[in-house]
Structures are given as structure tokens and as C-alpha cells.
Amino acid sequence: MTGMEIVRGVAELRARRARWRVAGDRVALVPTMGNLHAGHLALVEAARRHAERVIVSLFVNPAQFGEGEDFGAYPRTFEEDCSKLAACSVDLLFRPNVEEVYPEGWEGHTRVTVPGLSETLCGAARPGHFTGVATVVAKLFHLATPEVAVFGEKDYQQLVVIRRMARDLCLPVEVVGIPTVREADGLALSSRNTYLDPEERRRAPALYRALCEQARILAAGSRDFAAAAEAGAAVLCAAGLRPEYFEVRRAGDLEVPHPSDSEVVILAAARLGRTRLIDNVAVRLNAEAGSTIIGGP
Ligand code: PAF
């Protein structure tokens with residue numbers, strides 16, 4: 001674990017960042033909740049390409065979990081996470097405890113809300129989730145003052161919310177999205193995949209298959225987004241998943257798309273046993289050059 005500093009306190013993080021600023025080093029931040037897998041390590045690698053210094057934060061943020069959600073059960077694998085990050089030449093791991101981030105608790109804490117975007121799709125099923133995410137990410141941006149921050153495209157709505165939050169608050173950070181890393185059978189890597197039992201694990205790739213199937217139909221020329229949503233949800237039900245939503249939205253702002261839009265993203269969330277799976281596939285719709293599935297097989 002040579003070279004990686006582990007910092008718990010806000011003051012130490014600020015001090016380290018200030019020294020790097022004096023040295024002229026750019027910083028890339030990778031916010032995580034730990035239980036790191038190859039998807040997170042791809043974010044770290046991308047961060048390394050953008051800046052001289054890489055900070056990873058590891059904080060299971062209670063503010064983004066709703067009542068009855070898996071905050072308590074969320075896998076915490078600190079030792080393994082540290083070894084993986086040190087092997088990727090991360091400069092600093094910021095690992096605050098809840099009191100460091102919310103010294104007076106979350107109840108009366110100032111909140112950052114991106115209206116509209118936070119209430120649709122995952123936000124409809126998880127009220128308050130994106131306010132918890134936007135608030136903690138805004139705090140991390142203020143503390144680490146990164147030039148670049150890297151997030152996975154698997155959480156596409158989260159990426160859109162964070163971009164919008166950074167733009168609206170004039171935060172001088174470039175928010176970079178990195179393509180989803182998948183298992184050989186297409187299942188998107190996620191810390192929550194550890195909840196799946198063997199039978200559920202066998203069924204889980206149906207989510208990505210359903211997204212790709214509808215992406216192919218749109219890429220072939222259909223602009224019937226409602227039919228795509230209905231057919232995708234039906235395929236998930238037939239595969240034994242319980243769809244929460246299956247929708248086609250405009251890429252970038254998640255508005256309901258128009259047939260003339262140049263890029264859409266198909267997003268879905270589904271329950272499988274006690275696991276909530278989310279995934280998405282983007283499709284570039286270009287009448288002249290032909291359509292392309294972005295991130296598809
Ligand atoms: O994607 C995550 O792991 C979390 O939502 C994030 C961005 C680290 C904020 O807690």
C-alpha cells in the first residue's frame with residue numbers, strides 16, 4: 001500500500017489539497033461508497049489520465065438511503081478496498097465518518113436539490129435519494145476542489161443530476177462519465193450484485209438483454225418510444241424481474257424524447273428478490289449516418 005494516504009478529517013483533506021495546489025498539481029476526484037469492483041477501478045484509471053493527483057472518497061452516505069433501504073446492509077469492505085486503491089496508485093483516500101460529514105446530523109443540514117430531474121425515474125421510487133447524493137457530492141467538491149470528478153454511466157441519472165448541480169452552482173469542476181463495466185453475460189457491475197442468490201444471478205442479465213433488444217429496434221429506425229418501454233417491461237416480467245420503470249428518455253437531460261432528438265437513453269430499474277438492479281443503454285439516432293447503440297454488444 002505504498003504511497004496512498006488515508007485521511008479521515010476534513011481539515012487534513014483541505015491541507016493536503018492546498019499543498020498540491022501550490023505545487024500546481026491538478027486533482028481528479030472519484031466519489032464512492034466502497035465495496036469496490038472493476039467498475040470503480042475503471043473510474044480511478046480514468047481519473048489518473050485527467051490529473052496528477054487522484055483522490056478517492058469512500059463514504060456510505062446515510063442521506064441518500066430511504067427508510068427501509070439497505071444502508072445497514074450495504075457491503076463494507078474497507079481492507080480490500082484499500083488494497084485495490086493502493087494498487088491503482090491512488091494518492092489519497094478520504095474516508096470520513098458520518099459525524100465528520102454531518103456534524104450536526106442530517107435533519108437540519110442544508111440540502112442541494114436539483115428539481116425535476118431528481119423526482120423522475122429512480123427519484124420517483126426513492127424520494128430524497130438524489131438530494132442526498134447531490135448534497136454529499138457538493139460537499140466533496142467543496143472539500144477536495146477537484147478540477148475533474150469521475151462517475152460511472154451505470155448510474156446515468158445520478159451523472160445527469162451531478163452535472164446539472166455543478167453547472168447551476170457554478171462549481172469549477174469537469175464532470176466526466178465513464179462507460180459501464182459488465183460481466184461476460186452483460187450484467188452491469190454493482191456493489192449490490194452481492195445480494196443476488198445463484199438463481200437470481202442467472203436471471204439478472206435479462207435486464208441488459210431487454211435494454212439492448214429495444215436499443216436495436218430504435219437503431220433500426222423505430223421512433224415509437226412508448227412501444228419500446230412497454231415491450232421492455234413485458235420482457236423483464238417474463239424473465240421473472242419486477243420492473244420499476246423501463247423508459248426511453250432524451251440523453252443529457254432525461255426529458256421525454258422527441259423523434260427528432262439525436263440521442264436517447266433507455267433506462268430501467270427492476271427488482272429481483274431483495275435486489276434493486278438499474279442499467280441503461282444509449283442510442284444515437286442519426287438518420288443520415290445510421291443509428292448506433294452506445295455501450296451495446
Ligand atoms: O454512486 C455512488 O456510489 C454514490 O451515489 C456517490 C456518488 C459516491 C455519492 O454518495
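Numbering of ligands and ligand atoms starts at 1, following listing order.
Regarding atom 10 (O) of ligand 1, its nearest protein heavy-atom neighbour is Gln64 OE1, 2.6 Å. Closest protein heavy atom to atom 1 (O) of ligand 1: Gln158 NE2, 2.8 Å. The shortest contact between atom 3 (O) of ligand 1 and any protein heavy atom is with Met33 CG, 3.6 Å.
A salt bridge links Arg48 with Asp91: the closest approach of a Lys/Arg side-chain nitrogen to an acidic carboxylate oxygen falls below 4.0 angstrom. Of the charged side-chain nitrogens involved, none lies within less than 4.0 Å of a carboxylate oxygen, so that Arg209 and Glu213 do not count as a salt-bridged pair. Using a cutoff of 4.0 Å between basic side-chain nitrogens and carboxylate oxygens, Arg17 and Glu147 are scored as salt-bridged.
In this structure, Leu121 and Leu254 have side chains that are in contact, with non-hydrogen atoms separated by less than 4.5 Å.
Of the heavy atoms in Ile162, none comes closer than 4.0 Å to ligand 1.
Using a 4.0 Å cut-off to heavy atoms of Val136, the atoms of ligand 1 that qualify are 9 (C), 10 (O). Atoms of ligand 1 lying under 4.0 Å from any heavy atom of Pro31, numbered from 1 in the order shown and given with element: 8 (C). Which parts of ligand 1 touch Thr32 is read off a 4.0 Å heavy-atom cut-off, strictly below it: atoms 8 (C).
Within a 6.0 Å sphere centred on CD of Glu230, other residues, nucleotides and ligands contribute 12 heavy atoms or fewer.
Figure legend: Arg76 and Phe71 shown as a cation-pi pair, the cationic atom lying under 6.0 angstrom from the six-membered ring centre and within 45 degrees of its axis.
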